[in-house]
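One structure below.
Below, all heavy atoms of this structure are taken into account, side chains as well, without hydrogens, waters or symmetry copies. Chain letters run A, B, ... following the sequence lines, proteins first and then strands; every chain starts at 1.
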Amino acid sequence: MSENKPSNFIEHIINADLAEKKYEKIHTRFPPEPNGYLHIGHAKSICLNFGIAEQYGGLCNLRFDDTNPSKEDVEYVEAIKEDVRWLGFDWEDREYYASDYFDKMYELAVQLIKDGKAYVDDLSPEEIREYRGTLTEPGKESPYRNRSVEENLDLFERMKNGEFEDGSRVLRAKIDMRSGNLNMRDPVLYRIQRGTHHRTGDKWCIYPMYDFAHPISDALEGITHSICTLEFEDHRPLYNWVVENVKLDTETRPKQIEFARLNLSHTVMSKRKLRQLVEEGHVSGWDDPRMPTISGLRRRGYTPESIRDFCDRIGVAKSNSMVDIALLEHCVREDLNERAPRVMAVLNPLKVVIENYPEDRVEYLEAENNPGKPEMGTRKVPFSREIYIERDDFQEDPPKKFFRLAPCREVRLKHAYIIKCEKVIKDEKTGEIVEVRCTYDPETKSGSATNVRKVKGTLHWVSAKHALDAEVRLYDHLFTKENPEEDGADFKDHLNPNSLQVLTACKVEPSLASAEPGNRYQFLRKGYFCVDPDTTGDRLVFNRIVSLKDTWAKIQKKQQNK
RNA sequence: UGGGGCGUAGCCAAGCGGUAAGGCAGCGGACUUUGGAUCCGCCAUUCGCAGGUUCGAAUCCUGCCGCCCCAGCCA
């Protein structure tokens, strides 16, 4: 199909293969092991594999690499399917499992033995390690390496029949104990491991290793390009060995291609570490909105579109890299700027009384839902004598360039009037500001003919008697360090103690009464927020997806540094 | 000391012998009833380093340096 402008080295390879007529149709696969939840690193692989298939008019399979029952579970297969679907990809009826091929794999292993290319080894795990040699010294051949085909056949069948203890024997490929590539030093193909498999139950007590199962699964499914991460690069000769030495009846030979996995700043990506965060209670679960898991990002409010866009932008290459999380944040902002309706919410309320506004008057002001998109319409927002503004938006003794509310100063209330601060009321004991008294200028009503004055600052607000109470959860990076796993220290030493801040006294505009879990909004001047599933009939809970870009925060930082 | 990879801006990343794309971040400025958005401009005389080939090298050759991965009966 489209052989135009390859955007990465994998497309170059595919274009070349197509030009040489090595393959007719492109077929990829996404092969997760159902032993944990998917994270954004997997999203990169999913987008790559499904994306290439789509781009070349081919297909992409979803295949669970379930060859180790001790670590795998149906819980994970369901979660993985949900995540892939949510990201926007469809594997149609091509949902496969390596375990679907266990019979075939066994048969192929038997054939390998008959061909004199595999043998049953009685060495213990420790002995196998010793015989393997080291990185710099060659290995030694096992004393069992030259058993007769008949004996191997008999032993392997008895392994399958459960006659031997777990770990007492393995089937090994007969390749080269002196190879510089440790993977080629007679790799283990099958091990004995009792345990109930989530799909095959107790049918098997021997399970194939990844290096044997993966190339066979690929070949059986007609995969043309088997894309995996860099650490499998030195498994490629073994992958090819299996493809070439096993008696397959398919004629297309899959090709393994390796790319660099994603690393994201200010977080961790390994399943082991993520699991640790969950199990030790540093986060509330796999779907904690601070987690880089797909389920965490979903709950946080990230859109699938923004994640796909991110995956497009980071590119695909072979150098180990660390992508700045700011790019991910940029991608959601860009997406949500287009689609999120704007709404007013005061996170840290400060009461403002407009002294010259009639006590019992209420005006319903017209407010646009998205200034960039008039087609998103307008809504009515109630305005009255008592309102809340953001505590940060008032300062008694304002610094330079602060153009919000301060004594004797004027600001515009978004969609409403210009108000002027007349008086500050403080708590007599604590000195805390409890209320600000203002006056408004009736000539300045938004949209009216008399509204001609301009002021520097515009604030968001909510009418006190109309406001809804809400809880807002503010999230920050999970780790304070760009790379928490750097310099050998425990990554948990760099957990950000302020990664979650819960605000329980927030006031939001009444139109949010109908907000439902999953809905996303822009809280004017604050950021993008998503309704959390913890929301109940009488309690609104919002997650901050990402803040808006904050020029004022930057100015403040500069002022502090002076 | 073996094998496999990778080095282009603060972070990603194109580039494939014809004179360094693009994005993020950053910095300036315009506009603005979101300090948002938008717009406009700046941001690598040089591609890890050193030699060589060539009219011409990030691209080809040689040598060095640095970083990552591999010694699971995990994937």
Side-chain angles (χ1 to χ4, degrees), chain A residues 5-8 12 31-33 35 65 67-68 70-71 121 123-125 128-130 132-139 166-172 178-185 187-193 206-207 209-211 213-214 228-237 258 260 265 271 312-331 333-334 337-338 342 344 368 370-372 401-404 411-416 418 444 446-447 451 454-460 482 522-527 547-555:
Chain A
K5 40 155 185 130
S7 67
N8 61 53
H12 272 117
E33 183 189 13
N35 70 342
D65 217 336
T67 57
N68 186 354
S70 70
K71 296 188 173 176
D121 197 349
L123 254 28
S124 70
I128 286 185
R129 194 187 330 118
E130 284 159 24
R132 188 156 31 227
T134 68
L135 293 177
T136 53
E137 302 157 42
D166 280 16
S168 61
R169 269 177 249 256
V170 291
L171 182 74
R172 292 231 250 172
R178 305 185 53 87
S179 173
N181 182 346
L182 304 220
N183 295 116
M184 298 302 267
R185 318 240 262 229
V188 172
L189 265 23
Y190 266 91
R191 76 284 209 182
I192 305 171
Q193 186 183 301
I206 57 171
Y207 290 93
M209 299 289 289
Y210 166 87
D211 285 312
H214 207 89
C228 63
T229 45
L230 249 30
E231 67 271 26
F232 292 102
E233 209 148 16
D234 31 277
H235 290 240
R236 196 187 332 139
E258 313 84 12
S265 72
K271 276 185 195 171
D312 281 346
R313 293 194 196 210
I314 57 177
V316 178
K318 296 194 70 159
S319 59
N320 292 312
S321 59
M322 165 85 68
V323 175
D324 194 333
I325 199 165
L327 179 59
L328 215 211
E329 294 169 348
H330 167 83
C331 291
R333 282 196 191 101
E334 192 174 83
N337 179 47
E338 291 285 310
R342 265 117 259 228
M344 292 197 286
E368 62 210 340
N370 186 330
K401 289 186 181 168
F402 182 86
F403 40 83
R404 277 114 96 139
V411 292
R412 153 80 54 188
L413 292 178
K414 180 78 179 173
H415 308 305
I418 290 175
T444 59
S446 285
N451 175 29
K454 302 278 181 212
V455 286
K456 193 80 171 140
T458 301
L459 307 187
H460 61 278
E482 191 174 297
Q522 184 196 100
F523 287 0
L524 231 59
R525 303 207 304 137
K526 291 270 114 182
S547 65
L548 252 27
K549 281 202 209 161
D550 192 347
T551 311
W552 171 239
K554 251 180 223 171
I555 294 169

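Comparing B:rC74, B:rU34, B:rG35 against the side chain of A:Lys414 picks out B:rU34 as the nearest. The side chain of A:Lys549 approaches B:rA37 more closely than any other nucleotide in the set B:rA37, B:rA75, B:rU33. Taking the side chain of A:Asp234 as heavy atoms from C-beta on, and the options B:rC70, B:rC16, B:rU33, the nearest nucleotide is B:rC70. Taking the side chain of A:Asp65 as heavy atoms from C-beta on, and the options B:rG35, B:rA75, B:rA14, the nearest nucleotide is B:rA75. With distances taken from any side-chain atom of A:Leu524 to the nucleotides B:rC74, B:rU34, B:rA25, the minimum falls on B:rU34. Nearest nucleotide to the A:Glu233 side chain, out of B:rU1, B:rC73, B:rG4: B:rG4. Between B:rU33, B:rC24, B:rG35, one nucleotide has an atom nearer to the side chain of A:Asn451 than all others, and that is B:rU33. When distances run from any side-chain atom of A:Ile314 to the nucleotides B:rG35, B:rC12, B:rC73, the shortest one goes to B:rC12. In this structure, of B:rU1, B:rC6, B:rU34, it is B:rU1 that holds the atom nearest to the side chain of A:Thr136. In this structure, of B:rA37, B:rG23, B:rG35, it is B:rG35 that holds the atom nearest to the side chain of A:Arg525.
Put simply, A:Arg132 has no side-chain N or O that comes within less than 4.0 Å of OP1 or OP2 on B:rG3. Distances shown here put a side-chain N or O of A:Thr67 below 4.0 Å from the OP1 or OP2 atom of B:rA75. Checking the phosphate oxygens (OP1, OP2) of B:rG26, a side-chain nitrogen or oxygen of A:Lys554 falls inside 4.0 Å. Taking only side-chain nitrogens and oxygens, A:His330 comes nearer than 4.0 Å to OP1 or OP2 of B:rC24. Residue A:His12 places at least one side-chain N or O closer than 4.0 Å to OP1 or OP2 of B:rG15. Note on A:Arg191: a side-chain N or O is less than 4.0 Å away from OP1 or OP2 of B:rA75.
Separation of the C1' atoms belonging to B:rC6 and B:rC47 is 15 Å when rounded to the nearest angstrom. B:rU46 and B:rA20 have their C1' atoms separated by 7 Å, given to the nearest Å. Rounded to whole Å, the C1' atom of B:rA57 lies 29 Å from the corresponding atom of B:rC42. Across B:rU8 and B:rC67, the matching P atoms stand 15 Å from one another, rounded to whole Å. Across B:rC43 and B:rG5, the matching C1' atoms stand 32 Å from one another, rounded to whole Å. Between B:rU54 and B:rC39, the two P atoms lie 49 Å apart (nearest whole Å). Separating the P atom of B:rG4 from that of B:rC64 is a span of 16 Å, rounded to the nearest Å. Nucleotides B:rG7 and B:rC49 place their C1' atoms 11 Å apart, quoted to the nearest Å.
If you take CG of A:Leu459 and C1' of B:rU34, they are 10 Å apart, rounded to a whole angstrom. Rounded to a whole Å, the CD atom of A:Glu329 is 17 Å from the P atom of B:rG36. In this structure, CG of A:Leu182 is placed 17 Å from P of B:rU1, rounded to the nearest angstrom. Counting to the nearest Å, the C1' atom of B:rC68 and the CZ atom of A:Phe232 are 15 Å from each other. Remark: C1' of B:rU32 and NE2 of A:His460 are 18 Å apart, rounded to the nearest angstrom. In this structure, OH of A:Tyr207 is placed 12 Å from P of B:rA75, rounded to the nearest angstrom. For the pair A:Leu328 CG and B:rC11 C1', the computed distance is 14 Å after rounding to whole Å. Nucleotide B:rG5 holds its P atom 13 Å from the CG atom of A:Asn183, rounded to whole Å.
Formation of a donor-acceptor pair under 3.5 Å by the A:Asn370 side chain with backbone atoms of A:Asn337 is found in this model. Side-chain atoms of A:Arg191 do not come within 3.5 Å of backbone N or O of A:Asp166 as any donor-acceptor pair. Judged by distance alone, with hydrogens and angles left aside, the side-chain atoms of A:Thr444 form a donor-acceptor pair with the main-chain N or O of A:Ile418 at under 3.5 Å.
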(message) Only Watson-Crick and G-U wobble pairs with both distances less than 3.5 Å should count. Give RNA chain B in dot-bracket notation, marking inter-strand partners with |.
(response) .(((((((.[[[..)..(...]]].(((((.......))))).....[[[[[..)....]]]]])))))).....

(message) I'd like to know whether A:Glu368 forms a salt bridge (Lys or Arg N to Asp or Glu O under 4.0 Å) with A:Arg342, so could you lay out the CA-CA distance, the side-chain angles of the two residues, the decisive distance to 0.1 Å, and finally the verdict.
(response) CA-CA 8 Å; A:Glu368 62 210 340; A:Arg342 265 117 259 228; over 6 Å; no

(request) Check the pair A:Glu258 / A:Arg236 against salt bridge (Lys or Arg N to Asp or Glu O under 4.0 Å), numbers first and verdict last. (result) CA-CA 9 Å; A:Glu258 313 84 12; A:Arg236 196 187 332 139; 2.7 Å; yes

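Counting any heavy atom pair closer than 4.0 Å across all strands shown, A:Gly167 reaches a base atom. Residue contacts for A:Arg404: at a heavy-atom cut-off of 4.0 Å it reaches a base atom on one of the strands shown. Nucleic acid contact class of A:Arg185 (heavy atoms, under 4.0 Å, all strands): none. Within the nucleic acid shown, A:Ser124 comes within 4.0 Å of at least one base atom, counting heavy atoms only.
Side-chain polar atoms of A:Arg412 and A:Asn451 form a donor-acceptor pair below 3.5 angstrom.
Residues satisfying the side chain to side chain contact (heavy atoms under 4.5 Å, CB included) criterion with A:His460, sequence neighbours excluded, are A:Met344, A:Val346, A:Glu390, A:Asp393, A:Leu524, A:Arg525, A:Lys526. Residues passing the side chain to side chain contact (heavy atoms under 4.5 Å, CB included) test with A:Phe402 are A:Gln395, A:Pro398, A:Pro399, A:Arg404, A:Arg409, A:Trp552, sequence neighbours excluded.
Counting distance only, with no hydrogens placed and no angle test, the side-chain atoms of A:Glu137 and the base atoms of B:rU1 include no donor-acceptor pair under 3.5 Å. Contact annotation: side chain of A:Arg412 to base of B:rU33, donor-acceptor pair present below 3.5 Å.
Against the 90° criterion about 0, the sugar-base torsion of B:rG72 places it in the syn range.
Put simply, A:Tyr210 does not rest on the base of B:rA75: the two rings are not both less than 5.5 Å apart at their centres and under 30° in tilt.
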